Protein chains: 2
Amino acid sequence: MQDLTDRSNTVVGMPTDAPMHTRVHASEELRQVALEQFATVGFAASSLQQIADHAGYSKSSVLYHYASKEALLEAAIEPAIDAMESLVADFVAGGRSVAGRTVFIERFVDFLLGHRLAVHTFVNQGQSLRGIPVIERAIVAIRALADSMCEADAPLGERLRFGIALGGAVYTLVADATFLDEEHRTVVDAADIRAALIAVLSELLLPADGRTTR
Amino acid sequence: MQDLTDRSNTVVGMPTDAPMHTRVHASEELRQVALEQFATVGFAASSLQQIADHAGYSKSSVLYHYASKEALLEAAIEPAIDAMESLVADFVAGGRSVAGRTVFIERFVDFLLGHRLAVHTFVNQGQSLRGIPVIERAIVAIRALADSMCEADAPLGERLRFGIALGGAVYTLVADATFLDEEHRTVVDAADIRAALIAVLSELLLPADGRTTR
DNA sequence: TCAGGTCCTGCACGATCGGTCAGATTCACG
DNA sequence: CGTGAATCTGACCGATCGTGCAGGACCTGA
């Protein structure tokens, strides 16, 4: 996933023995690599050395672009939190009706597809990252989403549905996709995944007529 | 604070009865503390020092009872993998019918409730733990469960349903329960959770006749 | 030409990691 | 009593962690 607007190296002459990686935006590249590491092996297990190696930089370079490992995490997942906050704001504005929920589910799936790594990071590692400001923001946003999704009178069944939808979708989009498929790599179309996710989440989050959640 | 992963077998009198009136359950205690740490903050982020402190022992004592950090992980999650393997074996033997699935779902929920921490550990951290034998076993078991759940002809929708059920249930039982509730700690009854989980998972995994996404 | 800014790196630091090992303590059994 | 096994611990090791710092390479404007 790299946009190579590179223009300096067209393999003509240039007998440059040095690697001399003229990158486009180093900070963007580092942010992406770090996000993949955080999501797949975890924040604590991701060392700056690994991230730097994976991106082709030195550890010092990482700390030049980002003041600390925490700052790197912040930069990596902040866009996703912004998107989630606007998502819940729109949902609250749109109302809890079936129509409003239907619109929400579609946007929610698009949000998950667009920020799957970041969401997986703060959803499944939020516990170990308490205290980091951006994580607290994420937790607040998740709680706000859950609260707006279901009122307090029918907490157990509805809240459980939302939790399963959130955790399940994130799992299928990251963990499951990376170690369950892996062999029968039928190159599934992204649009198919989107449609199937919307279908299942609609089942979970839209009030069906006959349901025994009491 | 106690978990119901008892499974103790100290009922019958052992041949060489050794009545250590000291802390007989040192290794058990360490195993439980380690499992909590692994599940909540992650394997990589859990240091032997932290585990030892939480259990009231020294780091050396942990390494006396368990040869290595990996061995501690093995001891912590192996019972859950055994249970999962027998679970999938029973399901395969019982057949894929609706009745078979109904029975399976109930046992599956009980399995999740009994081994929630262990399952959460190898489900959500399996990626970063590749190479550890016990984790490979877990991955094989999960894949076997998914394969036995849905045949290959309708892969996307069915597999997605199973993934959401698994990841969602694990999420709600561990991550969600520890940082979503937290404030409005309405002491929910375990039986209620069980019933609600069974209901939702039945929706997801039982073939509904009219599965129109409206 | 020089000065200054941007980008990147090597080196060194204190802390902590998993792990080894030599005792200290206890206790059953002779 | 002594002896050996079981249990627990502190001291220590090499490696790696995140981070600070000085400086080199490169580009740009004066």
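Here is the naming used below: chain letters follow the sequence lines, and residue numbers restart at 1 for every chain. Computed from a prediction, not measured in an experiment: that's the story for all the values here.
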Subject >> Phe104(A) and Phe91(A) aromatic ring geometry - parallel, tilted or perpendicular at 30°/60° bounds >> reply: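 Phe91(A) and Phe104(A): tilted rings.
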Original post:
Would a 4.5 Å heavy-atom cut-off, applied to side chains only, mark Thr121(B) and Phe43(B) as touching?
Top reply: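 Not touching, per the 4.5 Å side-chain cut-off.
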Original post:
Can you find a pair of side-chain heavy atoms, one from Leu173(A) and one from Leu197(A), that are under 4.5 Å apart?
Top reply: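 They are in contact (side-chain heavy atoms under 4.5 Å apart), so the answer is yes.
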Original post:
Contact class for Ser47(A) (heavy atom, under 4.0 Å): base, sugar-phosphate, or nothing?
Top reply: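 Result for Ser47(A) = sugar-phosphate.
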Original post:
With a 4.0 Å cut-off on heavy atoms, is Ser27(A) in touch with a base, just the backbone sugar-phosphate, or nothing at all?
Top reply: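 Result for Ser27(A) = nothing.
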Spacing of [X] atom [atom1] relative to [N] atom [atom2], expressed in whole Å:
{"X": "Leu63(B)", "N": "dC8(D)", "atom1": "CG", "atom2": "C1'", "answer": "12 Å"}
{"X": "His25(B)", "N": "dC8(D)", "atom1": "NE2", "atom2": "P", "answer": "13 Å"}
{"X": "Lys69(A)", "N": "dT16(D)", "atom1": "NZ", "atom2": "P", "answer": "15 Å"}
{"X": "Phe43(A)", "N": "dC17(D)", "atom1": "CZ", "atom2": "P", "answer": "13 Å"}
{"X": "Asp53(A)", "N": "dC8(C)", "atom1": "CG", "atom2": "P", "answer": "15 Å"}
{"X": "Leu30(B)", "N": "dC8(D)", "atom1": "CG", "atom2": "P", "answer": "8 Å"}
{"X": "Tyr66(A)", "N": "dC7(C)", "atom1": "OH", "atom2": "C1'", "answer": "14 Å"}
{"X": "Leu48(B)", "N": "dG19(C)", "atom1": "CG", "atom2": "C1'", "answer": "9 Å"}

Original post:
Side-chain N or O of His65(B) less than 4.0 angstrom from OP1 or OP2 on dC8(D)?
Top reply: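 Yes.
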Original post:
Within the structure, does a side-chain N or O atom of Ser61(B) lie under 4.0 Å from either OP1 or OP2 of dC8(D)?
Top reply: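 For Ser61(B), the contact criterion (side-chain N or O under 4.0 Å from OP1 or OP2 of dC8(D)) is not met.
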Original post:
Given that Ser60(A) and Tyr64(A) both sit by DNA chain C, which one's nearest nucleotide is further toward the 5' end?
Top reply: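 This one resolves to Tyr64(A).
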Original post:
Do Glu36(A) and Gln32(A) have side-chain atoms, one donor and one acceptor, less than 3.5 Å apart?
Top reply: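 Glu36(A) vs Gln32(A): donor-acceptor pair found between side chains.
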Original post:
Regarding Lys69(A) and the six-membered ring of Phe38(A), is the cationic atom NZ or CZ under 6.0 Å from the ring centre and inside 45° of its axis?
Top reply: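 Ring-cation test returns no.
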Original post:
Checking only heavy atoms, does the side chain of Lys59(A) share a donor-acceptor pair with the base of dG18(D) at less than 3.5 Å?
Top reply: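 When only heavy-atom distances are counted, Lys59(A) does reach the base of dG18(D) through a donor-acceptor pair under 3.5 Å.
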